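Some notes on the structure that comes next.
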Amino acid sequence: MSEQKHTFTAEVQELLHLMVHSLYSNKDIFLRELISNSSDALDKLRLLGITQKELLPNDELHIRLELNKDNKTLTIHDNGIGMSRDDLIKEIGTIAHSGTQSFLATMKERAQNQTDNANAAPDLIGQFGVGFYSTFMVAKKVTIITRRAGEDTATKWESTGDGTYTIDDAQKSETGTIITLALKDVDEEDGLKDYTDPWVIKDIVKKHSDFVSYPIRMMVEHQEPVLDDKGKIVENTVPKIIKKDEVLNSMKAIWTRPRSEVKDEEYKEFYHHITHDYGDPLEIITANMEGNFSARLLLFIPPKAPFDLYYRDKISKGVQLYVKRVFILDDWKALLPEWLRFVKGVIDSEDLSLNVSREILQQDRQIQAIKKFAVKKVLDAIENIKSKRPDDMKKLWQEFGPVLKEGLTLGDKSGERILEFMLCQSTNSNEPTFLNDYVERMPEKQEGIYYLAGSSLDVLKGSPHLEAFKAKSLEVLLFTDPIDQFWLQSHLAYKDKKFIPIDKGAIDLEADADKEVADKTKKEMDEAHYKDLLQCLRSHLQDDIKEVRLSGRLTDSAACLVGDTHDLTPQMEEIMQRLGQQIPKTKRILELNRNHPFIEKLHAIHATDPKANDLEIYAKLLYGQAVLAEGGKLANPGAYSRLIMDVATKAAAN
């Protein structure tokens, strides 16, 4: 049959125009698409060969890449099922996929918005089954020679991407497909690399197609020194150029093998390979998801937190999505919740389409089910570490505890599980404790879990808020991570025990009923006795506090600051301000220890002269001391320093 010229459908012509003039910066994606197509062709022939063995080639099923620097061509061979003339017209001359219009609309939108993120755009190529056309991003002409298994004739397809293509008979001795790309000139600014450079090709294959189950071969040149009869290098001689046939991909998709058949050393080697972290993983998680659709998980908990753990947009080498062992994307946000962003590994599914992309991952029901399954398996693994390897659990929590606690802010069932293995600092020990152990140690009548949150463990341990609790040997948990300020406000409970902040509201720790009545009477008498002093101090501090009252939580310190139950903490205010939120200052309550000598002295001064100048000075001293005692920052440290020196000078003079 003579050569025939065809015109692409209107959709394809428009598509080709957008491809050639695309905004894509990562043009490497074209090779992934061609290798994926070849892998599919090999799969089809392998399955067909189960019943028709005569169709299988004599050689092993494989993919071969050929580079010609002189002619500036890149050729992809496979000995798969091949295509007929009708296949070429149907599969490449037209686009039958229903998503094409959506693809074109999306591309037009990107073209109109030059500031759009070009790096994310290449994943759209696969979304609508138009992967082959990505070749025109890098090639000025594409030639296909193919012969379908079981047929005697071969066909040649050729196009320059100008809206037309030709089809003609061809000669090919074996079944399979050969695609030759006449490459465009290198243009680094436009993302066009030298695709005849073996190192460029090796890098692309390693990143995108390393676990394709068929060997991807390429002849690679190596320089070898000239040796004499004794095996020594002959100096001042030109090295010999040796060509060797190399397999570029590892084909070691160990997640497809049963756990019992894989050694831990193999898993560790694989972890090093995909993460470039040469420490051994803290935990290896393997799981198979079965049901209406299937997926395989091979996940790792790293031994150390990466440097970019708290820079969500910069995290790299997270959980990778493979479809039929072909790399699709590395997007932890689509595959795991943010509070598990430290997990590394692979999720592979035979049931997902190779055309999946970031844009549809968020809505894909299968992906959401896989995500839910992955979360459960990671939490199961952490539970197992907690029960069997307590030292490793401490390491895990030390490295990733603050990130895991982000899951407590979501209000879902995962939060309940996170609370089970959360380790907390405590006033009773230098070693962190689990919540379950804390609850078991609680006195019978204790209503909730006492805690104190702040920015520094040392500051918290010296906080005046703890004094009454220490006096009664009551354990208090100490929280210092910024995320604690968020989840502790969410009214979570553990085993029906509420979290009770000891620096908010009024604290009454008495359990004896008769003593409680007696103390209540004494407190009322004290409040009446100190009423005028409290009002005086409040008038001097009204810009900073909303109330001055006697304390039920102080035994040694003269004063402390507390908040009302629903007030923002100073730490939360600071976080909100860093996030750009303009919020009014929360005035707090100044509590005084009525048994402290300084407070008694103030009362005596006030009783003698309610308008004494020293009362204002001492009020400011008390307030500043209370701010510093909880690790806070004074609005005017210089003024407070001068105030202290004035008082000290006056005291020394007396």
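Everything quoted here is computed from the prediction, not taken from an experiment.
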(request) Could you list all the salt bridge (Lys or Arg N to Asp or Glu O under 4.0 Å) pairs where at least one residue sits in residues 452-467, not counting sequence neighbours? (result) none
(request) Verify whether one side chain among S455 and Q571 offers a donor that lies under 3.5 Å from an acceptor in the other. (result) no
(request) Would you please say whether a donor-acceptor pair under 3.5 Å links the side chains of S551 and N593? (result) no
(request) Output, in order, the C-alpha distance, side-chain angles, deciding distance and verdict of side-chain hydrogen bond (donor to acceptor under 3.5 Å, both in side chains) for Y271 and D277. (result) CA-CA 8 Å; Y271 170 77; D277 174 8; 2.6 Å; yes
(request) With sequence neighbours excluded, tell me which residues meet salt bridge (charged side-chain N to carboxylate O under 4.0 Å, His left out) with D203. (result) none
(request) State whether the number of non-hydrogen atoms from other residues, nucleotides or ligands found under 6.0 Å of Q535 atom CD is greater than 12. (result) yes
(request) Might you confirm whether atom NZ of K620 has over 12 heavy atoms from other residues, nucleotides or ligands at distances under 6.0 Å? (result) no
Any pair counted as ring-ring contact (aromatic ring centres under 6.0 Å, His included), so long as it reaches [range], sequence neighbours left out:
range: residues 538-562; answer: none
range: residues 542-600; answer: F598-Y618
range: residues 379-435; answer: F342-F400

(request) Would you list the pairs meeting side chain to side chain donor-acceptor pair (under 3.5 Å) in which at least one residue belongs to residues 626-640, sequence neighbours left out? (result) R588-E630
(message) Does any part of the side chain of E283, heavy atoms only, come nearer than 4.5 Å to the side chain of D392, both counted from C-beta?
(response) no
